[in-house]
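Proteins get letters first, then strands, A, B, ... in listed order; numbering begins at 1 in each.
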Number of protein chains: 2
Amino acid sequence: MVKNDSEKQTEEKIFEAAMAVFEEKGFAAARMQEIADRAGINKSLLHYYFRSKDQLFEVVFNKLFEKMFSMVIGIFMSDKPFEEKIREYYCEHIRFFQQNPMLPIFIMSEISHNPERLKKRFGNIDYTKIRDSVMGFHAEEMSEYGIKKEDWVQFMITVVSLTIFPFAAKEIVKMFLDQTGYTKGFDDFMNERKVFASEFVINAIKHMNKK
Amino acid sequence: MVKNDSEKQTEEKIFEAAMAVFEEKGFAAARMQEIADRAGINKSLLHYYFRSKDQLFEVVFNKLFEKMFSMVIGIFMSDKPFEEKIREYYCEHIRFFQQNPMLPIFIMSEISHNPERLKKRFGNIDYTKIRDSVMGFHAEEMSEYGIKKEDWVQFMITVVSLTIFPFAAKEIVKMFLDQTGYTKGFDDFMNERKVFASEFVINAIKHMNKK
DNA sequence: AATGAGTTTAACCAACTGGTCAAAAATATA
DNA sequence: TATATTTTTGACCAGTTGGTTAAACTCATT
């Protein structure tokens with residue numbers, strides 16, 4: 001099978017349309033016809049390039065999961081000083097999700113409705129290396145800040161929660177902002193959150209051993 | 001129309017089955033036939049009691065949203081000392097979601113896929129009273145802990161994030177626990193989180209004004 | 001120009017899905 | 001018991017959905 005330019009173009013068009021529709025509607029509510037329409041091609045062509053809806057979804061899901069995953073664990077892979085790292089992370093992290101606001105809810109929703117997909121994805125990959133590098137790397141800082149080793153995962157989940165949740169619950173937060181008379185919009189709120197979350201986390205860990 | 005016992009029984013059976021199916025599958029993937037099966041009745045009977053799928057879903061959604069909402073803002077309505085309040089909140093909050101693990105992702109997913117539902121629900125309700133009582137009530141504590149008034153919403157979102165996110169991303173967290181060699185299960189992790197989250201938040205706010 | 005492999009399309013299909021309806025069963029009313 | 005009312009059911013329907021297929025089109029190679 002010789003892949004020429006036009007094929008790659010078509011496949012990409014389909015893939016991008018599929019990403020958009022799946023992310024927007026979720027698997028169950030997504031329609032193959034709509035994907036075809038947005039890609040500007042015939043519906044049969046979807047099945048020509050990707051055999052079935054499930055198969056197309058799987059490719060899309062893996063791509064988007066990778067996108068999200070690498071962003072989320074990015075912080076724990078950098079080698080800057082801890083506090084600087086935190087500030088920089090929240091800054092980048094929030095900026096990224098401002099451009100991909102539906103990504104968190106899409107990933108979480110699809111996984112919770114079909115956990116097998118996650119297991120299938122991660123079953124054959126060995127994350128020992130990443131884990132060790134991440135955990136080993138931060139060992140000094142952990143003890144320096146008084147975070148016990150067994151609380152390491154708690155801490156990571158905590159850091160991540162502060163940005164992902166507001167995006168996942170974006171509409172609820174927006175309503176809340178309205179109700180409380182916040183005049184600026186969601187984006188401004190999240191921009192302010194870059195600083196708030198950083199300072200909050202840094203304050204918390206600075207005094208963990210001074211209980 | 002005289003409502004006798006059997007009617008109420010049937011209606012309730014339908015309602016509970018609908019709650020279960022909708023919460024488990026989400027609106028788009030939920031099937032009226034499955035709801036009927038779980039309720040142990042004929043499918044036509046669904047339409048007899050609740051005209052359409054949309055209507056049945058709306059009732060279920062409102063019920064579940066109320067359930068979640070009252071739990072989430074519960075903390076901000078109590079009159080105990082701040083730190084005690086925080087500890088108690090995380091304890092109850094996590095215990096509650098351990099019994100309703102799908103609730104957060106269901107609410108967030110459905111709202112993000114159909115924000116109009118939220119607006120419809122809250123459009124005609126005046127939350128000024130709640131807002132004022134909550135915000136007015138905590139005014140002293142806010143200043144005492146050095147939380148600026150404009151950061152109040154940031155703080156609330158932060159507190160709530162720490163428990164809701166791990167449940168919404170339950171499967172991902174579980175995978176993460178496996179990967180990092182955490183031998184105990186998700187429930188144990190969340191039990192430990194009751195303490196971790198409390199101390200984390202308390203540490204953070206204790207030193208907010210001592211920057 | 002003829003060939004042939006890869007690409008795109010229109011027409012079509014079987015299964016599913018929410019929803020209807022008239023009849024039957026159950027229950028209340030007289 | 002006879003009648004009216006409400007509850008429950010099975011059969012059915014129209015629209016939708018993922019997927020198939022055979023024919024048509026494109027285009028490089030000969």
Side-chain angles (χ1 to χ4, degrees), chain A residues 1-63 106 109-110 113-114 116-117 120, chain B residues 1-62 106 109-110 113-114 116-117:
Chain A
M1 204 202 288
V2 182
K3 303 223 172 192
N4 55 26
D5 280 354
S6 81
E7 174 169 345
K8 275 186 182 159
Q9 229 175 298
T10 307
E11 198 171 328
E12 199 131 325
K13 259 168 27 181
I14 293 175
F15 187 70
E16 270 160 34
M19 284 212 301
V21 173
F22 279 132
E23 192 178 338
E24 200 173 295
K25 308 273 175 87
F27 176 80
R31 300 286 163 246
M32 295 296 268
Q33 187 60 59
E34 188 177 349
I35 296 175
D37 290 346
R38 287 211 208 175
I41 49 119
N42 190 285
K43 195 185 62 164
S44 306
L45 212 50
L46 294 184
H47 296 280
Y48 178 76
Y49 283 98
F50 306 86
R51 224 175 297 282
S52 65
K53 188 187 181 184
D54 284 84
Q55 220 161 110
L56 175 54
F57 180 80
E58 196 176 301
V59 181
V60 167
F61 175 82
N62 286 342
K63 176 80 172 181
F106 168 78
S109 177
E110 294 303 329
H113 287 12
N114 194 346
E116 293 75 31
R117 229 177 306 258
K120 199 163 82 186
Chain B
M1 204 201 287
V2 182
K3 302 225 172 190
N4 56 25
D5 280 355
S6 80
E7 175 169 344
K8 275 186 181 159
Q9 229 175 297
T10 308
E11 198 172 328
E12 200 133 323
K13 260 169 28 183
I14 293 175
F15 187 70
E16 271 160 32
M19 282 211 303
V21 173
F22 278 132
E23 193 178 340
E24 200 175 294
K25 309 273 176 86
F27 176 79
R31 298 287 164 246
M32 293 296 267
Q33 187 60 60
E34 188 177 350
I35 296 175
D37 289 346
R38 287 211 207 176
I41 49 119
N42 190 285
K43 196 185 63 166
S44 307
L45 211 49
L46 294 184
H47 296 281
Y48 178 74
Y49 283 97
F50 306 86
R51 224 175 297 283
S52 64
K53 187 186 182 184
D54 285 86
Q55 220 162 111
L56 174 55
F57 180 80
E58 197 177 300
V59 181
V60 167
F61 175 82
N62 285 341
F106 168 77
S109 177
E110 294 303 330
H113 287 11
N114 194 345
E116 293 75 29
R117 232 180 300 262

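Rounded to whole angstrom, the span from the OH atom of Tyr48(B) across to the P atom of dA24(C) amounts to 18 Å. As rounded to whole Å, 18 Å separates atom P of dC13(C) from atom CD of Gln33(A). dT17(C) atom C1' lies 12 Å from atom CD1 of Ile35(B), rounded to whole Å. Across the protein-nucleic acid pair, Leu45(A) atom CG and dA10(C) atom P stand 11 Å apart, rounded to whole Å. In this entry the distance linking CD of Glu34(B) with P of dG19(C) reads 16 Å, nearest Å. Between the CG atom of Asn42(B) and the C1' atom of dT6(D) there is a distance of 16 Å, given to the nearest Å. For Leu46(A) and dT21(D), the CG to P distance is 17 Å, given to the nearest whole Å. One atom, NZ of Lys43(A), and another, C1' of dA10(C), lie 11 Å apart when rounded to the nearest Å.
With hydrogens and angles ignored, the 3.5 Å screen pairs a side-chain donor or acceptor of Lys53(B) with a backbone N or O of Ala30(B). Remark: the backbone N or O of Ile41(A) is not paired with any side-chain donor or acceptor of Lys13(A) at under 3.5 angstrom. Checking side-chain atoms of Glu34(B) against main-chain N and O of Val21(B) turns up no donor-acceptor pair under 3.5 Å.
Across all strands shown, Ala28(B) has no heavy atoms under 4.0 Å from either base or sugar-phosphate atoms. Ala30(B) comes within 4.0 angstrom of sugar-phosphate atoms only, judged by non-hydrogen atoms across all strands, and of no base.
Among the nucleotides dG18(C), dT20(D), dT8(C), the one closest to the side chain of His47(A) is dT20(D). Relative to the side chain of Tyr49(A), the nucleotides dG19(D), dT20(C), dT8(C) differ in distance, and dT8(C) lies closest. Of the candidate nucleotides dT8(D), dG19(C), dG19(D), dG19(C) has the atom nearest to the side chain of Ser52(B). Closest to the side chain of Lys53(A), out of dA10(C), dT8(C), dG19(D), is dG19(D). Closest to the Arg31(B) side chain, of the nucleotides dT9(D), dT17(C), dG19(C), is dT17(C).
Between Phe27(A) and Phe57(A), the ring-plane angle classifies as perpendicular under the 30° and 60° cut-offs.
The shortest distance between the side-chain N/O atoms of Ser44(B) and the OP1/OP2 oxygens of dC21(C) is not below 4.0 Å.
Among residues two or more places apart in sequence or in another chain, the side chain to side chain contact (heavy atoms under 4.5 Å, CB included) test is passed with Glu58(A) by Asn62(A), Lys120(A).
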